[in-house]
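First comes the structure, then the notes that go with it.
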2 protein chains.
Amino acid sequence: MGLVPTQRPLPLDQVLVGDCIAAMNALPASSVDCVFADPPYNLQLGEAGLLRPDQSRVDAVDDDWDKFATFEAYDAFTRDWLAACRRVMKPNATLWVIGSYHNIFRVGSALQDLGYWILNDIVWRKANPMPNFRGKRFTNAHETLIWASRSAESKGYTFHYDALKGGNEDLQMRSDWFIPLCTGEERLKDVEGHKVHPTQKPEALLARSLMAATNPGDVVLDPFFGTGTTGAVAKRLGRRFIGIEREATYAKAAMERIAAVQPLSKAALMVAPTKRAEPRVPFLSVIEAGHIRPGEIVTDERRRFRATVRPDGQLDNGLVIGSIHKIGALVQGLPACNGWTFWHVERAGKPVVIDSYRAGLRQAMANG
Amino acid sequence: MGLVPTQRPLPLDQVLVGDCIAAMNALPASSVDCVFADPPYNLQLGEAGLLRPDQSRVDAVDDDWDKFATFEAYDAFTRDWLAACRRVMKPNATLWVIGSYHNIFRVGSALQDLGYWILNDIVWRKANPMPNFRGKRFTNAHETLIWASRSAESKGYTFHYDALKGGNEDLQMRSDWFIPLCTGEERLKDVEGHKVHPTQKPEALLARSLMAATNPGDVVLDPFFGTGTTGAVAKRLGRRFIGIEREATYAKAAMERIAAVQPLSKAALMVAPTKRAEPRVPFLSVIEAGHIRPGEIVTDERRRFRATVRPDGQLDNGLVIGSIHKIGALVQGLPACNGWTFWHVERAGKPVVIDSYRAGLRQAMANG
DNA sequence: TAACATAATGAATCTAAGA
DNA sequence: CTCTTAGATTCATTATGTT
């Protein structure tokens with residue numbers, strides 16, 4: 001590198017169409033304040049395709065850009081783009097990467113190998129994830145973001161601790177974020193009503209990341225720009241962006257989308273916390289918290305019906321095993337029952353409704 | 001199996017004191033049903049620099065070679081113990097590993113490189129995490145578990161889908177678990193009131209993992225046994241354990257702790273039979289038992305489709321003869337159909353699903 | 001129009017037994 | 001080994017259609 005000749009100006013608020021590594025290598029070193037990257041996940045899906053219980057087909061991400069022959073090939077790709085990012089990052093810049101269990105461990109390792117310094121891993125808890133249709137695994141209800149500084153010596157990175165805390169009911173912002181999927185109006189669709197991009201991210205996710213780790217006027221680079229969520233949020237928040245996208249159709253959709261975005265006033269940037277429905281509390285959590293012991297007997301208030309609490313959070317009435325709701329309905333011969341208000345445990349000789357153990361857990365679960 | 005030469009019995013419900021890799025290599029291959037591992041991560045950053053695995057300080061944190069060597073040593077260690085685990089795992093065994101952003105990416109990558117197949121990554125959301133005192137990062141409010149099968153071909157792993165669902169408001173259990181930290185009574189303390197082990201995991205975390213992925217009587221191996229949470233929970237849940245721990249003081253504390261654990265009753269641990277596990281009933285048996293007569297008309301619930309019951313247990317829709325499933329799929333134009341839940345017969349003017357005749361026959365088959 | 005019912009869909013590593 | 005068949009399997013939200 002050596003001498004830096006007449007430096008070209010940064011291509012701000014634009015989308016560069018082409019390979020992200022080449023495009024980044026054409027940018028001057030130490031020139032961006034933040035990177036947000038949503039690289040291919042390398043899903044490795046089977047040939048057969050997946051059917052829902054209603055026999056409709058799941059629209060899987062089977063695009064060519066997500067296919068890598070081996071982990072080695074994926075690792076090489078990952079190292080290359082991460083290294084290119086690191087070169088253009090200012091010394092105190094930070095980088096966000098999002099991924100799932102398919103790829104995030106490769107990405108995290110590569111980050112560390114290249115000298116990045118992990119500040120947090122963040123869990124995006126999806127409000128409405130796709131279920132596991134075959135019942136063979138836990139519902140894959142989250143994705144992971146890694147937030148890293150350029151190196152362990154980058155102590156002066158931006159983090160708006162107080163703003164985040166103020167927007168989080170004066171509690172420190174935790175590493176688990178509860179945010180809905182990108183659907184509805186926000187999801188870009190073509191004239192036929194099909195989604196333009198298979199993996200468009202919600203703006204709320206980008207907004208929280210960029211609010212936390214950048215200042216107004218900062219330059220945010222996105223090497224996998226897609227349909228430009230990063231650009232749209234950057235513009236709205238008064239940040240600048242540089243997008244790089246290989247597919248011209250995505251790039252075009254992104255620029256049209258961003259053109260329609262209105263930047264927010266400073267006052268509007270102080271976002272009110274999102275209202276959430278009360279979180280569901282699994283009955284298993286009441287047992288795990290020690291309020292009710294496995295093997296205990298639950299009864300209705302007048303002790304006409306009884307069942308035994310199992311360690312898995314189900315009830316056993318001697319004939320059938322099922323949820324508090326199912327067994328409650330069964331013993332009464334009703335089609336449905338709210339087990340929380342129906343079942344009681346004995347405490348100091350008196351029946352205590354199990355619903356009384358829910359409130360505390362709800363409060364604790366609501367954070368994040 | 002063929003001939004099995006004088007095989008040493010497994011050291012069940014014991015703690016082996018020593019190096020976990022040597023201890024595992026002394027166990028017979030394909031002998032455990034599940035592994036739960038809470039490995040050390042010595043990649044800890046000090047406030048002012050990097051520590052080597054032996055806790056000596058790395059002077060020049062910008063020394064790339066030294067940094068690389070540290071990760072490399074950790075990776076080699078990780079590969080070794082994961083490979084040793086894989087050898088002693090039965091073909092359908094699964095493995096759990098827990099870690100934080102310091103080490104989980106190394107572990108996940110090593111897993112994949114060794115041929116394990118990741119089934120889920122699970123987020124343990126802590127109810128009461130340690131706050132971030134300096135306000136420079138998000139509160140680190142979670143840890144990550146990886147759940148993996150021995151290989152992509154291990155399709156027969158244990159997963160108690162229905163039990164988990166029943167304890168979770170009749171909804172699929174998600175990949176984000178909300179569980180309190182290990183504190184209070186549960187936390188092991190020495191005579192001076194200091195915690196015995198720095199990273200004792202909550203029993204609820206182990207209980208959910210082991211209930212999900214093992215059956216009563218299964219053998220659970222924990223190569224980093226510590227103060228024996230895995231053993232305590234395994235005993236309580238009627239599973240067997242093999243613990244391996246390098247520090248004799250931890251091993252001793254673990255055995256004392258486990259000795260005090262009362263196992264739950266067999267009845268409480270009984271696994272309810274799932275639909276998948278129930279014996280198959282030929283539709284012909286329903287006819288033979290007289291529940292449905294040959295020549296009767298079957299319809300879907302809303303009577304849009306119809307077919308005739310043949311004496312051989314097949315259906316005839318006027319054009320094609322085939323199984324209840326095949327004809328069900330055919331009339332709907334779907335690739336597949338569960339004929340048991342699709343077809344109905346008329347009884348007292350109302351449609352009755354033919355599946356309702358299976359339960360009685362199953363009962364009879366079980367008794368006969 | 002309002003209320004209600006039905007259909008669609010989201011980064012998915014998603015079956016098991018028997019011939 | 002492959003091929004065939006039985007039959008088990010979904011949650012939250014948005015979009016669309018019907019009464």
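Residue numbers start from 1 in every chain, and the chains themselves are labelled A, B, ... in the order their sequence lines are given, proteins ahead of strands. None of the values given here were measured: they were computed from a predicted structure.
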Ignoring hydrogens and angles, state whether a donor on the side chain of A:Tyr74 or A:Asn103 is under 3.5 Å from an acceptor on the partner side chain. yes
Which residues pass the ring-ring contact (aromatic ring centres under 6.0 Å, His included) test with B:Phe305, sequence neighbours left out? none
Please determine if B:Asp162 and B:Lys165 form a salt bridge, counting it only when a charged side-chain N lies under 4.0 Å from a carboxylate O. no
Identify all pairs in which a protein N or O lies below 3.5 Å from an N or O of nucleotides 7-10 of chain C, and state each distance.
unit_1, atom_1, unit_2, atom_2, d
C:dG10, OP2, A:Lys195, NZ, 2.4
C:dG10, O5', A:Lys195, NZ, 3.1
C:dG10, N7, A:Arg52, NH1, 3.3
C:dG10, N7, A:Arg52, NH2, 2.9
C:dG10, O6, A:Arg52, NH1, 2.4
C:dG10, N2, A:Asn128, O, 3.3
C:dG10, N2, A:Pro129, O, 3.2

Hey, are B:Trp147 and B:Thr94 close enough side-chain-wise for a donor-acceptor pair under 3.5 Å? yes
Does C:dT13 have OP1 or OP2 sitting under 4.0 Å from an N or O in the side chain of A:Asn140? yes
Taking atom P in both D:dG7 and C:dT13, compute the distance separating them and give it to the nearest angstrom. 27 Å
Aromatic plane relationship, B:His291 with B:Tyr357 - under 30° parallel, 30 to 60° tilted, over 60° perpendicular: parallel
What pairs with A:Gln200 under side-chain hydrogen bond (donor to acceptor under 3.5 Å, both in side chains), at least two apart in sequence or on another chain? none
Runs of at least three consecutive pairs that involve DNA chain C, where pairs are Watson-Crick or G-U with distances under 3.5 Å: C:2-10 with D:11-19, C:15-19 with D:2-6
With rounding to the closest Å, how many angstrom separate the C1' atoms on C:dG10 and D:dA8? 22 Å
Provide the closest heavy-atom pair for A:Phe283 versus A:Gly313 in the form atom of the first, atom of the second, distance. CD2-O, 3.4 Å
Under the side-chain contact (heavy atoms from CB on, under 4.5 Å) test, which residues partner B:Asn215, sequence neighbours left out? B:Thr158, B:His160, B:Asp218, B:Val271
By the 4.0 Å heavy-atom rule, please label A:Trp65 as base, sugar-phosphate, or nothing. base
Pairwise N/O distances under 3.5 Å, protein to nucleotides 3-5 of chain D:
none

Contacts under 3.5 Å, N or O only, protein and nucleotides 17-19 of chain D:
none

Strictly below 4.0 Å, heavy-atom distances to any atom of DNA chain D: list the hits from residues 95-104 of chain A, or just say none. none
Specify the glycosidic conformation (syn or anti) of C:dT13, with syn defined as within 90° of 0. syn
Between B:Arg208 and A:Asp312, does any NZ, NE, NH1 or NH2 come within less than 4.0 Å of an OD or OE carboxylate oxygen? no
Give a yes or no on whether B:Arg306 atom CZ has more than 12 heavy-atom contacts from other residues, nucleotides or ligands under 6.0 Å away. no
side-chain contact (heavy atoms from CB on, under 4.5 Å) filter on B:Ala272, not counting sequence neighbours, yields A:Ile321
Using heavy atoms and a sub-4.0 Å distance, could you list which residues of residues 149-168 of chain B are near DNA chain C? By number, please. B:Lys155
Please determine whether a side-chain nitrogen of the Lys or Arg among A:Asp54 and A:Arg52 lies less than 4.0 Å from a carboxylate oxygen of the Asp or Glu. no
Tell me whether B:Asp300 is salt-bridged to B:Arg302, with the criterion being a basic N under 4.0 Å from an acidic carboxylate O. no
C:dA11 versus D:dA15 - spacing of their C1' atoms, nearest Å: 22 Å
P atom, D:dA12 versus C:dC14: distance in rounded Å? 23 Å
What one should report as the nearest heavy-atom pair of B:Asn92 and B:Lys155 is OD1-N, 3.7 Å
Among A:Lys195, A:His197, A:Arg187, whose side-chain contact (heavy atoms from CB on, under 4.5 Å) with A:Thr227 holds? A:His197
I need the minimum non-hydrogen distance between B:Ala93 and B:Cys34, along with the two atoms involved. CB-N, 4.2 Å
Using the C1' atom as the point on both nucleotides, what is the distance between C:dT1 and D:dT18, in whole Å? 13 Å
Between side-chain atoms of residues 243-253 of chain A and protein atoms elsewhere (two or more places apart, or another chain), which donor-acceptor pairs fall under 3.5 Å?
unit_1, atom_1, unit_2, atom_2, d
A:Glu245, OE1, A:Gly226, N, 2.7
A:Glu245, OE2, A:Glu247, N, 2.9
A:Lys252, NZ, A:Glu256, OE2, 3.2

Would you state whether a donor and an acceptor, one from the side chain of A:Glu47 and one from the base of C:dT13, lie under 3.5 Å apart? no
Using a 4.0 Å cut-off on heavy atoms, which residues in residues 327-340 of chain B reach DNA chain D? List them by number, or say none. B:Ala336, B:Cys337, B:Asn338, B:Trp340
When you check the gap from the basic side-chain N to the acidic O, do B:Asp113 and A:Arg106 get nearer than 4.0 Å? yes
Does A:Glu185 or A:Gln55 map to a spot on DNA chain D nearer the 5' end, using the closest nucleotide for each? A:Gln55
If you measure from the C1' atom in D:dT10 to the same atom in C:dA7, how many Å do you get, rounded? 14 Å
In terms of heavy-atom contacts, B:Asn317 and B:Ala307 come closest through CA-CB, 4.1 Å
